[in-house]
Asker: 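Below is one structure. I have some questions about it.
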Amino acid sequence: MITQSIPRYRHWLYAILCIISCMLVGYGLASDVGQNKERQPVRYLALGDSYTIGASVAPAERWPVQLAAQLRANGLIVAEPLVIARTGWTTDELMAGIERQQPQGLFDLVSLLIGVNDQYRGRSGDEYRRQLRQLLHTAIAYAGGHAAHVIVLSIPDWSVTPFAAGQQRAAIAAAIDHFNTINRQETAQAGAHYVDVTPVSRQALQDASLLATDGLHPSGKMYTQWVELVLPTALAATQ
């Protein structure tokens, strides 16, 4: 009887070994999928105006490009930023630019810096709020619905620049503060992150090296300081 039962045990043992083997293969495939997912580069969408496009600085000095470089320095694989921005754009013009370009797919990180031209053209805070709210909704949608992957930067204060000479600097600064109150409120309401770069921009009053040669826009040096402020939030959003 013992001799006759051995083949049966062999069949059971063989079946068990097959099951274990399949489980190990499946685990290996799952691990490979996870590793491939980790190797996918971080996609970054930068939305804005002249500050985002980096007017009057070299491409490598633009703050979204510097931010991507710093993310890489922290061990992430990051694709070149997709920038939708143009000098002079207001909130509605940025929205129109996004609709024209229609970026494809989702992004791991989206930044938004807009409003200085709305202020410069004398638009109301209520109009800015409505259009910024729409832009925030769009930015979050491109981030796959994850508001925590969206970073809004405050509007820099151009009243401290030579470009503002002869103008009412105090009134400009007050208007910038008003618009920044709005974008801070709307960012919090949307659940996105907010980074205040305005104090850094005001240091240009004493440090001309923080301005580009056009006497209006930030230099690469100032953009580096912005990136230092943005980087911790960007790292948290992309890991």
Side-chain angles (χ1 to χ4, degrees), residues 44-73 78-98 100-101 103 109-123 128 132 135 139 151-173 175-177 179-180 183 195-231 234:
Y44 170 27
L45 176 63
L47 306 173
D49 50 35
S50 58
Y51 296 124
T52 295
I53 200 65
S56 299
V57 300
E61 294 181 307
R62 298 169 178 169
W63 80 262
V65 175
Q66 290 196 50
L67 178 60
Q70 286 301 310
L71 290 173
R72 294 186 193 106
V78 184
E80 284 301 308
L82 175 58
V83 177
I84 302 179
R86 185 172 296 176
T87 298
W89 269 1
T90 54
T91 46
D92 57 320
E93 290 168 339
L94 172 57
M95 181 58 70
I98 296 170
R100 283 193 301 271
Q101 189 156 340
L109 182 66
V110 181
S111 65
L112 177 62
L113 169 50
I114 194 71
V116 69
N117 296 297
D118 297 74
Q119 179 275 318
Y120 181 74
R121 298 187 196 179
R123 295 185 175 180
Y128 174 62
L132 178 68
L135 281 167
I151 302 175
V152 177
L153 276 67
S154 66
I155 303 168
D157 185 359
W158 63 276
S159 74
V160 302
T161 70
F163 184 83
Q167 302 189 51
Q168 296 181 342
R169 294 179 184 266
I172 295 169
I176 293 292
D177 286 341
F179 274 54
N180 279 334
N183 59 37
V195 177
D196 189 359
V197 300
T198 309
V200 173
S201 72
R202 286 173 170 155
Q203 294 175 14
L205 185 62
Q206 291 81 32
D207 186 356
S209 69
L210 294 175
L211 293 177
T213 55
D214 64 6
L216 172 61
H217 293 97
S219 65
K221 179 180 177 180
M222 185 191 290
Y223 285 140
T224 298
Q225 294 184 21
W226 290 13
V227 169
E228 291 173 355
L229 295 174
V230 175
L231 183 60

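Model, not experiment: these values are computed from the prediction.
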Asker: To check you understand the geometry: which heavy-atom pair defines the closest contact between Gln119 and Trp158, and what is its length?
Answerer: OE1-NE1, 2.9 Å
Asker: By the definition side chain to side chain contact (heavy atoms under 4.5 Å, CB included), identify the one residue from Leu231, Val230, Val152, Leu113 that meets it with Val195.
Answerer: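 Between Val195 and the candidates, side chain to side chain contact (heavy atoms under 4.5 Å, CB included) is satisfied uniquely by Val230.
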Asker: For residues Ile53 and Arg62, report the shortest heavy-atom separation together with the two atoms involved.
Answerer: O-NE, 2.6 Å
Asker: Counting only heavy atoms from other residues, nucleotides and ligands, does the tally under 6.0 Å from CZ of Arg86 exceed 12?
Answerer: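 Atom CZ in Arg86 is not crowded, with 12 or fewer foreign heavy atoms closer than 6.0 Å.
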Asker: With the side chain counted from C-beta on, respond yes when Leu67 and Leu109 share a heavy-atom pair under 4.5 Å apart, and no when they do not.
Answerer: yes
Asker: Are any of the side-chain heavy atoms of Val160 and Gln203 separated by less than 4.5 Å?
Answerer: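 Answer no - side chains too far apart.
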Asker: For Leu210, is there any backbone N or O sitting under 3.5 Å from a side-chain donor or acceptor partner on Ser219?
Answerer: yes
Asker: Given side chains that start at C-beta, do those of Lys221 and Asp207 come closer than 4.5 Å, heavy atoms only?
Answerer: yes
Asker: If you define the side chain from C-beta out and look only at heavy atoms, does anything of Leu47 sit under 4.5 Å from Trp89?
Answerer: no
Asker: Does any non-hydrogen side-chain atom of Val197 lie less than 4.5 Å from one of Pro218?
Answerer: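 Side chain of Pro218 against side chain of Val197, heavy atoms only: no contact under 4.5 Å found.
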Asker: Once you round to the nearest 0.5 Å, how far does OG1 of Thr161 lie from CZ of Arg202?
Answerer: 12.5 Å
Asker: Rounded to the nearest 0.5 Å, what separates atom OG in Ser111 from atom CH2 in Trp226?
Answerer: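 Here the rounded value is 10.5 Å.
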Asker: CG/Asp196 to CD1/Ile155 distance, rounded to the nearest 0.5 angstrom?
Answerer: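 Spacing of CG (Asp196) from CD1 (Ile155) equals 11.0 Å.
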Asker: Using atom types as modelled and distance alone, determine if a side-chain donor or acceptor of Gln66 lies under 3.5 Å from a backbone N or O of Gly220.
Answerer: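 Pair found, side chain donor or acceptor close to backbone of Gly220.
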Asker: Ala85 and Asp49: which non-hydrogen atoms are nearest, and at how many Å?
Answerer: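 Looks like CB-O, 3.4 Å.
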Asker: With heavy-atom distances below 4.5 Å as the criterion, would you say the side chains of Tyr51 and Met222 are in contact?
Answerer: no
Asker: With distance as the sole criterion, is a donor-acceptor pair present between the side chains of Asn180 and Ser154 under 3.5 Å?
Answerer: no
Asker: Using 0.5 Å steps for rounding, measure from the OG atom of Ser201 to the CD1 atom of Ile176.
Answerer: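 That separation rounds to 8.0 Å.
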Asker: Assess the side chains of Tyr120 and Thr90: does a donor N or O sit below 3.5 Å from an acceptor N or O?
Answerer: no
Asker: Which residue, Asp92, Asn183, Asp118, forms the side chain to side chain donor-acceptor pair (under 3.5 Å) with Tyr128?
Answerer: Asn183
Asker: What's the separation between atom CG in Leu45 and atom CG in Leu112, rounded to the nearest 0.5 Å?
Answerer: 9.5 Å
Asker: Taking all non-hydrogen atoms of both residues, which atom of Thr87 and which atom of Ala55 are closest, and how far apart?
Answerer: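 Closest pair (atom of Thr87, atom of Ala55, distance): OG1-CB, 3.8 Å.
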Asker: What is the distance from atom CD1 of Ile172 to atom CD of Gln167, rounded to the nearest 0.5 Å?
Answerer: 4.5 Å
Asker: Does any N or O in the side chain of Asp157 come within less than 3.5 Å of the main-chain N or O of Thr198, such that one atom is a donor and the other an acceptor?
Answerer: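 Answer holds: no.
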Asker: Assess whether a salt bridge exists between Glu93 and Arg121, defined as any Lys/Arg side-chain N lying under 4.0 Å from an Asp/Glu carboxylate O.
Answerer: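 A salt bridge is present here (some side-chain N lies under 4.0 Å from a carboxylate O).
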Asker: For atom CD of Gln168, is the number of surrounding heavy atoms from other residues, nucleotides or ligands below 6.0 Å larger than 12?
Answerer: no
Asker: Locate the shortest heavy-atom distance separating Ser159 from Ala173; write the atom from each residue and the value.
Answerer: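 Where Ser159 meets Ala173 most closely, the heavy atoms are OG-CB, 3.8 Å.
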Asker: Could you label the plane-to-plane angle of the Trp63 and Tyr44 rings as parallel, tilted or perpendicular, counting under 30° as parallel and over 60° as perpendicular?
Answerer: tilted
Asker: Give the minimum heavy-atom separation between Gln70 and Val227, together with the two atoms involved.
Answerer: CG-CG1, 3.8 Å
Asker: Given side chains that start at C-beta, do those of Leu153 and Thr52 come closer than 4.5 Å, heavy atoms only?
Answerer: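 Of all side-chain heavy-atom pairs linking Thr52 with Leu153, none is under 4.5 Å.
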Asker: Just so I know, are the side chains of Leu94 and Leu135 near enough to count as touching, which here means a heavy-atom distance under 4.5 Å?
Answerer: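 In short, these two side chains touch, coming nearer than 4.5 Å.
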